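Reviewing the structure listed below.
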Amino acid sequence: MTSPGTDHATDPALYPPAIVPPVSQGRVRQILRFIRNPIAALPLAVYEQRLVRDSYQPERYIWTADAEHIAQVLLEDAGKFLKTPVDKRIFKPAIGQGILTSEGAIWRWHRKAAAPLFRHGELLQYVPAMTDAARRQVATWRSISNSGAMRAVDHDMTSVTFDVISNTILAGCGPGDSAVIKRSGEAFLDPISWEIVYALLHVPGWMPFPGKRRMLRGAATLREAVGRLVTTRRAESDHGGDILGRLLDARHPETGKGMPDDEIIDN
């Protein structure tokens, strides 16, 4: 409850800090804002228009937040919208030819193998893991609510997300490897804004940027840890019904062959 005289628009208890999109910005300023926080670099027009064109010579990029356009790109005409060199350059060190980066026959095969897990009925099985992770985080916040300390909520929510992943997609992963996967995943993602900007501007891949070595080491360590999990789970007689078990049991519709370990790690 608030008093009648409370200014809701300026009450920090009701309206926490939020990004204010720039009305106008030069290219250099946009790049610097993007490196610090990609969302903060989105121009005001992206929030107001269905399509916004942006040009990083020699390519043209289009932003869209329109539901119909998104459905067209991701579902209806997915075959016409190929993965860009930018996508592949950014994610290849960590996920190789996974669903996010592959296309054509490989993409269709991987997507078909993983798709059943994302049906509504299947997803309901993971609700307990999601709610348990949320309750644990809320309990942590409540335990420190009177301390006056400031919390990095983005880090907390990353931990909650990984908590869910550890109990669903990475089920069976030991505590040691689970911690390694979390740390190496963060090491890969933390400086990724630099890699995106370099890719957009066609900066050669060998050029350094802050955190690049740590990023590449993180990708390699991540794949090694997931590889150990794949080896362990493949040796089990029952692979289970989670996404890793489904990928281990998947058979190519034409050849009847299973998915090799490197492709499973990719996904």
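None of these values were measured; they are calculated from a predicted model.
Nearest heavy-atom pair, Thr101 versus Lys88, reported as atom, atom and distance to 0.1 Å: O-CE, 4.0 Å. Residues Ala113 and Leu247 come closest through the heavy atom pair CB-CD2, 4.0 Å.
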Exercise. Any chance you could lay out the side-chain contact (heavy atoms from CB on, under 4.5 Å) test for Glu186 and Leu189, step after step, and finish with the verdict?
Key: CA-CA 5 Å; Glu186 290 173 346; Leu189 291 173; 6.0 Å; no
Practice problem: Please lay out, stage by stage, how Trp63 and Leu42 fare under the test side-chain contact (heavy atoms from CB on, under 4.5 Å). | Solution: CA-CA 9 Å; Trp63 304 96; Leu42 297 180; 3.3 Å; yes
Practice problem: Take Met215 and Trp194 through the test side-chain contact (heavy atoms from CB on, under 4.5 Å) and record every step on the way to the result. | Solution: CA-CA 11 Å; Met215 180 182 185; Trp194 280 96; over 6 Å; no
Practice problem: Determine, stepwise, if the pair Arg108 / Glu103 fulfils side-chain contact (heavy atoms from CB on, under 4.5 Å). | Solution: CA-CA 7 Å; Arg108 287 191 293 272; Glu103 53 196 6; over 6 Å; no
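Rounding to the nearest 0.5 Å places OG1 of Thr131 at 9.0 Å from CZ of Arg136. In this structure, the separation between OG on Ser102 and CD on Glu263 is 8.5 Å, given to the nearest 0.5 Å. Considering OG of Ser193 and CD1 of Ile90, their distance stands at 9.5 Å, rounded to 0.5 Å. The distance from the CD atom of Gln72 to the NZ atom of Lys80 is 7.5 Å, given to the nearest 0.5 Å. A distance of 12.0 Å separates CD1 of Ile181 from CZ of Arg223, quoted to the nearest 0.5 Å. One finds the CG atom of Asn267 at 12.5 Å from the CZ atom of Arg111 (value rounded to the nearest 0.5 Å).
Contact annotation: the side chain of Arg151 approaches that of Trp141 to within less than 4.5 Å [non-hydrogen atoms, C-beta and beyond]. Under the 4.5 Å side-chain criterion, counting only non-hydrogen atoms from C-beta, Arg246 is in contact with Pro116. Between Ser178 and Phe162, some side-chain heavy-atom pair lies under the 4.5 Å cut-off. Counting heavy atoms from C-beta on, the side chains of Leu51 and His69 come closer than 4.5 Å. Using a 4.5 Å heavy-atom threshold, the side chains of Glu195 and Arg89 count as touching. For the pair Ile35/Val197, a side-chain contact is recorded, criterion being any heavy-atom separation below 4.5 Å from C-beta on. Contact annotation: the side chain of Tyr61 approaches that of Leu200 to within less than 4.5 Å [non-hydrogen atoms, C-beta and beyond]. Contact annotation: the side chain of Ile31 approaches that of Leu201 to within less than 4.5 Å [non-hydrogen atoms, C-beta and beyond].
Aromatic ring pairs are classed by plane angle as parallel below 30°, tilted from 30° to 60° and perpendicular above 60°; the pair His252 and Trp109 is tilted.
In terms of hydrophobic clustering, with Ile, Leu, Val, Met, Phe, Trp and Tyr side chains grouped at heavy-atom distances under 4.5 Å, Leu123 and Ile165 are assigned to a common cluster. Val226 and Leu216 are assigned to two separate hydrophobic clusters, defined by single-linkage of ILVMFWY side chains at heavy-atom distances under 4.5 Å. Each of Ile99 and Ile265 belongs to its own hydrophobic cluster when Ile, Leu, Val, Met, Phe, Trp and Tyr are linked at side-chain heavy-atom distances under 4.5 angstrom. The cluster map of Ile, Leu, Val, Met, Phe, Trp and Tyr, joined by side-chain heavy atoms under 4.5 Å apart, puts Phe34 and Val203 in the same cluster. Hydrophobic clustering keeps Val86 apart from Trp107 (ILVMFWY residues linked when any side-chain heavy atoms are closer than 4.5 Å, directly or through intermediates).
With 3.5 Å as the limit, one finds no donor-acceptor pair spanning the side chains of Asp266 and Gln97. Checking Gln30 against Arg33 by side-chain atom types alone, no donor-acceptor pair falls below 3.5 Å. Between the side chains of Ser159 and Lys182, at least one donor N or O lies within less than 3.5 Å of an accepting N or O.
Judged purely by atom type and a 3.5 angstrom limit, Tyr198 uses its side chain to pair as donor or acceptor with the backbone of Pro208. Side chain of Asp87 to main chain of Thr84: a donor-acceptor pair is present (N/O by atom type, distance under 3.5 Å, no hydrogens or angles). For Ser184 (side chain) and Thr221 (main-chain N/O), no donor-acceptor pair under 3.5 Å exists by modelled atom type.
Few gaps surround CD on Glu48; more than 12 heavy atoms of other groups in view lie less than 6.0 Å from it.
Using a cut-off of 4.0 Å between Lys/Arg side-chain N and Asp/Glu carboxylate O, Glu236 and Arg233 are scored as salt-bridged.
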